[in-house]
Structures are given as structure tokens and as C-alpha cells.
2 protein chains.
Amino acid sequence: MKTYTIKDVAHLSGVSVRTVSRVINNDPHVKAETREKVLKVIAETGFEANLLAKSLREKRTNTLIAFVDQHRGQFWGAFHNEMLQEMMKEARRSGYRMVISSSSADSYTEDENDGFYLLKHGMADGAVMFDTKEKDKRVEYLRSKKVPFVILGKDRDHFDTSYVDLDNVYAGYLAAQYLVSKGRKHILFMLGNRDYIVNQERAEGIRRYLAENPDPGRQARIEYDVGNIEQAYSRTKEALAGTPRPDAIFISGDERAIGVYRAVYEQNLRIPDQVAVLGIDKIAMGAFYHPPITTIDQQIPAMAQTALRILFQQLDGSGQNGMRTLIAPSICERQSV
Amino acid sequence: MKTYTIKDVAHLSGVSVRTVSRVINNDPHVKAETREKVLKVIAETGFEANLLAKSLREKRTNTLIAFVDQHRGQFWGAFHNEMLQEMMKEARRSGYRMVISSSSADSYTEDENDGFYLLKHGMADGAVMFDTKEKDKRVEYLRSKKVPFVILGKDRDHFDTSYVDLDNVYAGYLAAQYLVSKGRKHILFMLGNRDYIVNQERAEGIRRYLAENPDPGRQARIEYDVGNIEQAYSRTKEALAGTPRPDAIFISGDERAIGVYRAVYEQNLRIPDQVAVLGIDKIAMGAFYHPPITTIDQQIPAMAQTALRILFQQLDGSGQNGMRTLIAPSICERQSV
DNA sequence: CTGAAAGCGCTTACAG
DNA sequence: CTGAAAGCGCTTACAG
């Protein structure tokens, strides 16, 4: 099937290209009769305006891009999925299309197939950056080129970038406070990689609570590098074999908690009686663990909406630089603590 | 920061636009010295060729788009994620960028923000279609416009479309066979919505095995509309309350199996001793359930690669229409049966 | 090895 | 209410 251009439609309906452009853009200054005529031809030909040409001319694509990292061969998980879903809804409501692409802080420069290439080369108007690193070159780039973007997470390298993040210090604080308030004495806090700001902050919050509320009968320990389900499993297994055996485990990420659960059950221990498990994220799936996992709510919908609104403001020029929003976490009580 | 065009670079380096175009496209017919000069200016200016213009001119974007449906407010899950990951790797290897977008069979026509809009309007060269429906208008559209695409799943409406699918009849057959071979007598098969071909086929395979191997002492039942974790949970709960109590459950989708596990454990039953659970998909997470779930392997990497290769052939014109590949499922034995 | 010019398919002042 | 023409930023025969 031939693919028609605006020119074809113009010829076929006996008007100028300018007029066709008017009708496809809903310009009111077209005689009803003319509009009909053109619309008819469009319907018959199946004409669709070429977005490449339109965007090139208008210098905007009306599409946003969200970058997610394929962490070391692993993929984004349920948390990212839920966040992305909310963002897509929000984008749609505001007349933007949103597309997801993978991009990694490390490989973007050389790799033409890293999704970041699309943004650098003008295929999107703005970006949501997940999984940024410290001194992330992509952030540097977007900043210097004045491309609208918002970070999901924290940026300590600049003052003028915008981000939305959970208050992770508070999240750590809450985690410690909650577990202690439930009478737990031997608490293991399992966090991801130490290089990520999020984990540093959670550790800080945990330490702060512990320091503020000393208890000689308590033992608490922070472990890093628990970066996926498998590690959550093996590290929990090790921990449960030690003495004293932890009676509570905080695990960074509800999804990874699956590994914790398995290790606990393999020792024939019960959750929460013998070992309490506290997660964070509040992904939907967590409500169906056995038992449903008590977790720290990241307020995924609020985070997503806030991030996109900041981005929209940058896009229409009404936003200021360096808008930073910290979302307050809260405990979602279920049955694992 | 000013954004430079090829024209700026040409002026700045004292050559023509044509020559700049040559160096950015690695045309060998450029004097080394000239190339140096141009490259230097490019580095200094931070020039990046505009992809919109390039694509408009070349009539190809070098990007592929994968469409995933947000099923009724739910999002795609771990299975989709793993499939998408494999596809992105494969695309990258072959010099394509790949982007993910949400699109639904129902809303794509009216909705400018449905991702399908991008493809219709020329922002990608080809598509991978997840979650198509029967009489899917999008498939109709792509077919008539001769846009390269491949379906992940089945298409019964045409002969000339290409797809890659698991042999779902065989998968159902295998599920029944395996569970029966393990001596299970009261088997519950939980499938998703009856309107999806995949579920019809799995049911067919199950029935075929059962019919071929009659056993008066056996009771087997197929239930539909178990479409998410929550339903898997509640329907399992109901089933376990009935008599005779199932001693084996096949659940369509490892992720949904989480709900099955929970319901089983809440009745203080043991897996697999009292209730065997067989999943399908072989998502990574399943290896960390308690116990690790025995599942039907969908061969995700093979499926993804096959799909993309078919798409590549269509893109370079070497492919024929109607390439259909059926992947053979196999049992991945772990500890839940 | 290099360049002038046309053209990809749109939109947009500017005229009328 | 409608149109002729320039221009968005590239690539590509065609010449030389």
C-alpha cells in the first residue's frame, strides 16, 4: 500500500498543502466544506502525518523517554514497572507519549544502541532518569545541553538539577524504629551496593535511630551488597546460621524479600514469630507473599506524578531549576513483622 | 548551550556540509587531514547529528518498538520483562535501538498517546507485538501498510503474518502428563482468560492428554479467568476448601504462582507433599520461591532471539511473509512437584 | 577527494 | 478563508 504524504492529500482534494496542514492541526480557519473534502481524502487514503517531519519542523516531538538501567545483566524489577506504569498514565493525561528505553551510565557514550542516543539526537523532548550514578555523565550532558529531565533518586553532584526521591534517611530511621518498637533485639539490615546513595542514606537513618536509642541488649548489623534475590537468599541463610540468630531482617526491596523468605523457611523458622521481615517499596505482589510482607511505602504513584509534573514544568518553561522533592515514607503494616 | 547543526560544523571547519556528512558517516573518501579538522570541530562544539532529520531523509530510523499492553490497569510482569531484556540485547547486537511502549488493542485508534501512534507515524521501522487479541486492529493496520512486525503469540486471523509462540497445546499436554506421572489424582488447572488463544490451546493440550490416558480414579478440572496473583490466591483458596482437595495445581504463569503458594500455606499444607504446584514461564524469580517452583520452560531467550531475527529479515527484505515458529516447551524440574 | 543543490514531509510567517 | 514559498537538518546522486 502506497504511503501518502500531505502533498498527495492536497492534490487529491484539490487544495494546497497549507490547507491540509490546517485541517490536520484542527485550525478553525477552514471552511466547513473544504474541511469535509480534505477529511474525506484522508480517510480514503489512510494518510498519517509523518511525525519525523512534523517534529523536525516544530522542534518538539511530544514524546518523553524514561531510561532504566539493565544493572549488570539483570533487568529492572517490579518496583520499576510500577513506577513506569504510573508515569505513563500521567504522561498520557498530559498529552505526551512516553517510551521506555534501557541506558546505562557506563556505556552510553560509545554505544549507538544505548537508548540515551535517542535523546541526545533529538528523538524525545525530555527524560526521566532512573538508576543514575554519582558523576553520571548523562546527567552532565543533559544539564549542559539544557535538555529537560528529572532524576528519580538523588543527585549530589549539582544544585540545579531536579529530582524526586524517597527520604531514604528517614526510611532507614523508620525501619530501625519500627523493628525495635516490636521488641526485636537482633536485627539485620540488608542493603544494596554501598556505592549507591540510596543505600548510604538508609544506613545513615538506621544508625541515627540506633544511636539515639541505645540498648545494650540489642545487636544490630548492616550488610551491603545484597543486590538481588539470590544474594538476599544466600546472605539470609548465612545470617540465620550464625549466633545470635537475627530475630528481624530489613531487606531493601520487597522483591528481594522473596529470597529472605525462602531462606527463613528452609530453616523451618516462622515469619514473623521467629524472624520478622520488613521490606520496602510496597509493590503489589508483596501483598501475596506468605505472610503478606510488612513494608515501607515508597508512595509510588505520588513519586511518579511528582516527577512528571516537574518535567512538564521544565518542558513548558514554567519550572525553575533544582526542584527537589523528598517523599516521606511510611510503614505499611501487613503480617511479616 | 547552543545546539550545533551540520551547517555550523561545516562553516567552522571550512568545508562543505557534504564533507561533514561524510565524516560523520565514516565515508572513507575523505582526506585524513580534512577528517581531523572536522572531527576537531565536532568535539569542540559537541555536535550531534539530528536523528529526526537523518531519519526523515533516509526513510529509516534504526529503531524498533515493542508494544506491551497494560492489561486493565495491571502492568506487564516478570515474564514480559525477561523477554524484553533478551530482545533489547539482540537488537543491540544487530545495530538497532529498541524502545518499549505501551499500547492496547482497544484504545490505539483514538488515543494519540497510545504508543502505537509512534509507529503509525513513522518513528520506528518495525515492531514486536505482545498481547495481541483476535482481530486486533493493530495487526490489521501493520499488515495493510506493510510495516515489518512480528507477533509474540499466535495469529489465527491471517496466514501471512509472522509470529513466534510457545507450542501451548504441547505445554498443556506436558503439564497434564507430568502431574499425572507424579501420581497426582486431583488436579486443578488454572488458566487465564478464556478469550486468549494461549489459554484455549493450553486447555486443549490438557484435555488431549487426559483423554488419551483415561483413569477413573482421577479428577481433573480446568478453571479460567485466573488472570493475576490475587485471583490465583483466592481461587486456590476456594479450591482447597472443596472436596476432594486438589493434590496438584497447574498455574498459568510463575508469577501468579505466588498467590497459589500463599493459599496453600495458609491452609498449613505442604508443597509438594500435599499439593504439588506446577508453573510455566521459567522466570528467574521462581528459583527462589519456597520451594523453588517446578515449571514449564518457555525458552525465553530462544523466543526473543527468534522473534527478532524474523523481524530483521523483514526489515532487510530477505524474509518471507508468514514465518511462524513454535517453540517446544519442556519441564524444568525444581522442587514444587 | 570535495562541493552545490535538490529533496525527505511537514509547519509557518506572510500575503492576499 | 486559502496559498506560494521558505525552512527544519540531514543525505545523496551528480559533477568535477
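Residue numbers start from 1 in every chain, and the chains themselves are labelled A, B, ... in the order their sequence lines are given, proteins ahead of strands.
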Handout entry: Distance-minimising heavy-atom pair for Met303(B) and Leu166(B)
Key = CE-N, 3.6 Å
Under 3.5 Å donor-acceptor pairs involving side-chain atoms of residues 16-29 of chain A, not counting sequence neighbours:
from, atom 1, to, atom 2, distance (Å)
Ser16(A), OG, Arg18(A), N, 3.3
Ser16(A), OG, Thr19(A), N, 3.3
Ser16(A), OG, Thr19(A), OG1, 3.4
Asn25(A), OD1, Lys54(A), NZ, 3.1
Asn25(A), ND2, Ser21(A), O, 2.8
Asp27(A), OD1, His29(A), N, 2.8

Practice task
Report the distance from atom OG of Ser162(A) to atom CD1 of Ile151(A), rounding to the nearest 0.5 Å.
Solution key: 8.5 Å
Completion exercise
5'-most to 3'-most nt of DNA chain C touching chain B (<4.0 Å, heavy-atom partner on protein side) reads dC1(C) to dG9(C)
Problem - DNA chain C contacts made by residues 36-43 of chain A, counting heavy atoms under 4.0 Å - result: none
Handout entry: Intra- and interstrand pairs of DNA chain D - dot-bracket, Watson-Crick/G-U under 3.5 Å, | marks other strand
Key = |||.||||||||.|||
Exercise for the section: Could you tell me the separation between the CG atom of Asp136(A) and the CG atom of Asp155(A), rounded to the nearest 0.5 Å? Expected result: 9.0 Å
Handout entry: Considering all heavy atoms, the nearest Phe149(A)-Met129(A) contact
Key = CD1-CG, 4.0 Å
Problem - Heavy-atom closest contact (Ser101(A) atom, Ile65(A) atom, distance) - result: CB-CD1, 3.9 Å
Handout entry: Side-chain touch Asp125(A)/Tyr96(A), heavy atoms, less than 4.5 angstrom
Key = yes
Exercise for the section: Remember a base hit wins even if backbone is also touched, and classify Ser55(B) as base, sugar-phosphate or nothing at under 4.0 Å, heavy atoms. Expected result: nothing
Exercise for the section: Could you list by number each residue of residues 10-22 of chain A showing a heavy-atom separation from DNA chain C of less than 4.0 Å, or answer none if no residue does? Expected result: Val17(A), Arg18(A), Ser21(A)
Handout entry: Interatomic distance, Arg309(A) atom CZ to Ser94(A) atom OG [nearest 0.5 angstrom]
Key = 7.5 Å
Exercise for the section: Locate the shortest heavy-atom distance separating Ala307(A) from Met87(A); write the atom from each residue and the value. Expected result: CB-CE, 3.9 Å
Fill in the blank from the handout: Closest non-hydrogen atoms of Ser104(A) and Asp69(A), given as atom of the first, atom of the second and distance, are CB-OD1, 3.1 Å
Exercise for the section: Mind checking Glu33(B) for me? I need base, sugar-phosphate or nothing, with any heavy atom below 4.0 Å counting as a touch. Expected result: nothing
Fill in the blank from the handout: With sequence neighbours left out, the residues meeting side chain to side chain donor-acceptor pair (under 3.5 Å) with Asn62(A) are none
Practice task
Indicate whether the side chain of Asp131(A) and that of His80(A) have a donor and an acceptor atom separated by less than 3.5 Å.
Solution key: yes
Problem - Presence of salt bridge, Lys137(B) and Glu140(B), under 4.0 angstrom - result: no
Handout entry: First encountered from the 5' end of DNA chain C, between Ala32(B) and Arg57(A)
Key = Ala32(B)
